[in-house]
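Here the structure is laid out as structure tokens; the discussion comes afterwards.
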Amino acid sequence: MQTISRKKIFFPINSAFRNYLKMYEREVKLPLSYEELRYYDQAISVYDKEGKDTLWETVFYPQSMVGPIHAGLKRIYSILKAGGDQAAEEHLHIERIDYCTFGNSHPFRIKIVNNYNEVYDYFYIKIADASRIYGLELEHILSPYWMNFMVDGNTLVEEHIAGVPGDQFILHYLNRPEFNPKRIAKEFVKFNERCFVRLLGDMRSYNFIFDITPDFDDVQFRIRAIDFDQQFYEGRRTLYMPQYFKENRIFVDLAIKHLNAEVVKQYQQEERAVIARRIKVQRHRIKDLRDVIMTDRVSFPEKIQQLGDELAEYYHDAVFSRCKTMGEIIERSLKRLLVSSLR
């Protein structure tokens with residue numbers, strides 16, 4: 001059974017990382033901070049359609065604060081979605097502000113509604129933890145998905161990632177007759193490989209979503225991570241491999257049932273080849289990020305040593321054991337992938 005640190009330490013953004021974020025236009029001046037949102041005076045629990053506590057609370061602010069907070073949130077949404085164009089703000093309203101009591105990041109979830117057509121959207125405001133932001137950047141560079149987020153001081157704003165959470169997919173979608181289990185198994189193998197290569201941990205079923213797309217004569221599936229708190233933080237190798245979490249066992253069983261060893265190896269290699277191509281295309285950005293990560297402190301010496309030793313044994317590569325930072329470990333992991341792509 002996998003064990004994750006009960007309380008992950010938040011790491012501040014150092015000056016080098018801050019400069020990187022400014023260079024790539026991730027650092028933006030915002031009208032409202034995470035700390036300001038904490039001054040609510042009432043909260044009620046949010047329940048799902050089945051009456052279960054979601055561990056989110058809808059929060060309420062003193063009347064004198066509602067106007068400035070709602071105006072600030074609408075402006076943040078304009079910056080996130082429209083490059084700061086304020087034209088749409090007059091026909092938007094903030095319907096709800098929720099606060100999550102579960103997990104490490106304690107985010108605020110903002111529900112914003114267009115008054116003209118009642119179409120709504122969500123975004124999140126969180127504490128700007130350096131390891132989480134590294135995770136978002138690596139996802140942006142190495143995965144197929146564009147990550148839309150902004151940082152200002154100690155505040156992180158993230159776009160909502162739409163999809164069916166993995167745990168809900170298991171309950172309500174997995175056994176639908178129109179869904180091909182081989183395609184689900186294939187995507188899980190690729191997702192597992194992507195997480196391991198870039199060292200994104202704690203990908204239990206509720207920390208990723210399924211993007212379901214009808215195609216010509218079948219349905220396609222894509223799995224996306226939605227939680228990046230455990231980017232190269234833990235020491236155990238298997239914590240970076242979704243296949244080892246009991247919450248994901250059903251996807252492992254699908255792969256065992258529908259994919260033989262050669263096919264699994266083929267899908268793993270396909271994913272590594274695609275990541276290698278992304279690294280080559282984004283080589284300048286990767287280099288800039290690498291220079292920052294190499295000397296940053298985003299874990300602890302004992303975890304770094306444990307992970308280095310376990311990866312050295314797994315890959316039969318002693319270089320991992322000599323790594324002194326998580327930056328050195330991720331660099332070695334990506335270098336191995338690049339070298340193998342040239343063979």
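- Using a 30° and 60° split on the angle between ring planes, His140 and Trp146 fall in the perpendicular class, above 60°.
- In terms of the ring pair (Phe, Tyr, Trp, His ring centres under 6.0 Å) criterion, residue partners of Tyr134 (sequence neighbours excluded) are, by chain and number, Phe17, Phe232.
- In terms of modelled atom types and a separation under 3.5 Å, the side chain of Thr54 and the main chain of Val46 share a donor-acceptor contact.
- Clustering of Ile, Leu, Val, Met, Phe, Trp and Tyr by side-chain heavy atoms under 4.5 Å joins Val119 with none of the others.
- For Phe179, the ring pair (Phe, Tyr, Trp, His ring centres under 6.0 Å) criterion is met by Phe221, not counting sequence neighbours.
- Cluster partners of Val263, using a side-chain heavy-atom cutoff of under 4.5 Å among ILVMFWY residues and allowing indirect links, are Val189, Leu259, Val264, Tyr267.
- Using the six-membered ring where Trp is involved, Phe210 and Phe251 have ring planes that are tilted, between 30° and 60° apart.
- Partners of Val274 by side chain to side chain contact (heavy atoms under 4.5 Å, CB included), not counting sequence neighbours, listed by chain and number: Arg277, Arg278.
- Listed by chain and number, the residues in a salt bridge (charged side-chain N to carboxylate O under 4.0 Å, His left out) with Glu89 are Arg75 (sequence neighbours excluded).
- By the 4.0 Å N-to-carboxylate-O rule, Asp98 lies close enough to Arg109 to be salt-bridged with it.
- Taking Asp218 as the reference, Arg183 meet the salt bridge (charged side-chain N to carboxylate O under 4.0 Å, His left out) condition, with sequence neighbours excluded.
- Note on residues 9-25: pairs passing salt bridge (Lys or Arg N to Asp or Glu O under 4.0 Å), not counting sequence neighbours, are Arg18-Glu27.
- Using a cutoff of 4.0 Å between basic side-chain nitrogens and carboxylate oxygens, Arg204 and Asp167 are not scored as salt-bridged.
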query: Under the salt bridge (charged side-chain N to carboxylate O under 4.0 Å, His left out) criterion, do Arg198 and Glu139 qualify, and how do the steps go?
result: CA-CA 8 Å; Arg198 45 76 57 93; Glu139 182 76 359; 2.6 Å; yes
- request: Could you walk me through whether Phe208 and Phe191 pass the ring-ring contact (aromatic ring centres under 6.0 Å, His included) test, one step at a time?
  value: CA-CA 10 Å; Phe208 58 82; Phe191 178 67; 5.1 Å; yes
Donor-acceptor pairs are to be reported for all side-chain atoms of residues 316-328 against protein atoms at under 3.5 Å, with residues two or more places apart or in another chain.
from: Asp317; atom 1: OD1; to: Val319; atom 2: N; distance (Å): 3.1
from: Asp317; atom 1: OD1; to: Arg332; atom 2: NH2; distance (Å): 3.4
from: Asp317; atom 1: OD2; to: Arg332; atom 2: NE; distance (Å): 2.9
from: Asp317; atom 1: OD2; to: Arg332; atom 2: NH2; distance (Å): 2.9
from: Asp317; atom 1: OD2; to: Arg336; atom 2: NH1; distance (Å): 3.1
from: Ser321; atom 1: OG; to: Asp309; atom 2: OD1; distance (Å): 3.0
from: Thr325; atom 1: OG1; to: Met294; atom 2: O; distance (Å): 2.9
from: Thr325; atom 1: OG1; to: Gly327; atom 2: N; distance (Å): 3.3
from: Thr325; atom 1: OG1; to: Glu328; atom 2: N; distance (Å): 3.1
from: Glu328; atom 1: OE1; to: Lys324; atom 2: N; distance (Å): 2.9

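- In summary, Glu234 and Lys8 do not engage in a salt bridge, as defined by a charged side-chain N under 4.0 Å from a carboxylate O.
- Using a 4.5 Å cut-off between side-chain heavy atoms of Ile, Leu, Val, Met, Phe, Trp and Tyr, Val113 falls into a hydrophobic cluster with Tyr120, Tyr122.
- Evaluation of the salt bridge (charged side-chain N to carboxylate O under 4.0 Å, His left out) rule for Asp288 yields no partner, not counting sequence neighbours.
- Applying the salt bridge (charged side-chain N to carboxylate O under 4.0 Å, His left out) criterion to Glu158, with sequence neighbours excluded, gives Lys126, Arg132.
- Ion pairing between Lys287 and Asp291 holds under the 4.0 Å rule for side-chain N and carboxylate O.
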task: Show the numbers, then the answer: is there a ring-ring contact (aromatic ring centres under 6.0 Å, His included) between Phe108 and Tyr34?
output: CA-CA 8 Å; Phe108 287 92; Tyr34 177 90; 5.4 Å; yes
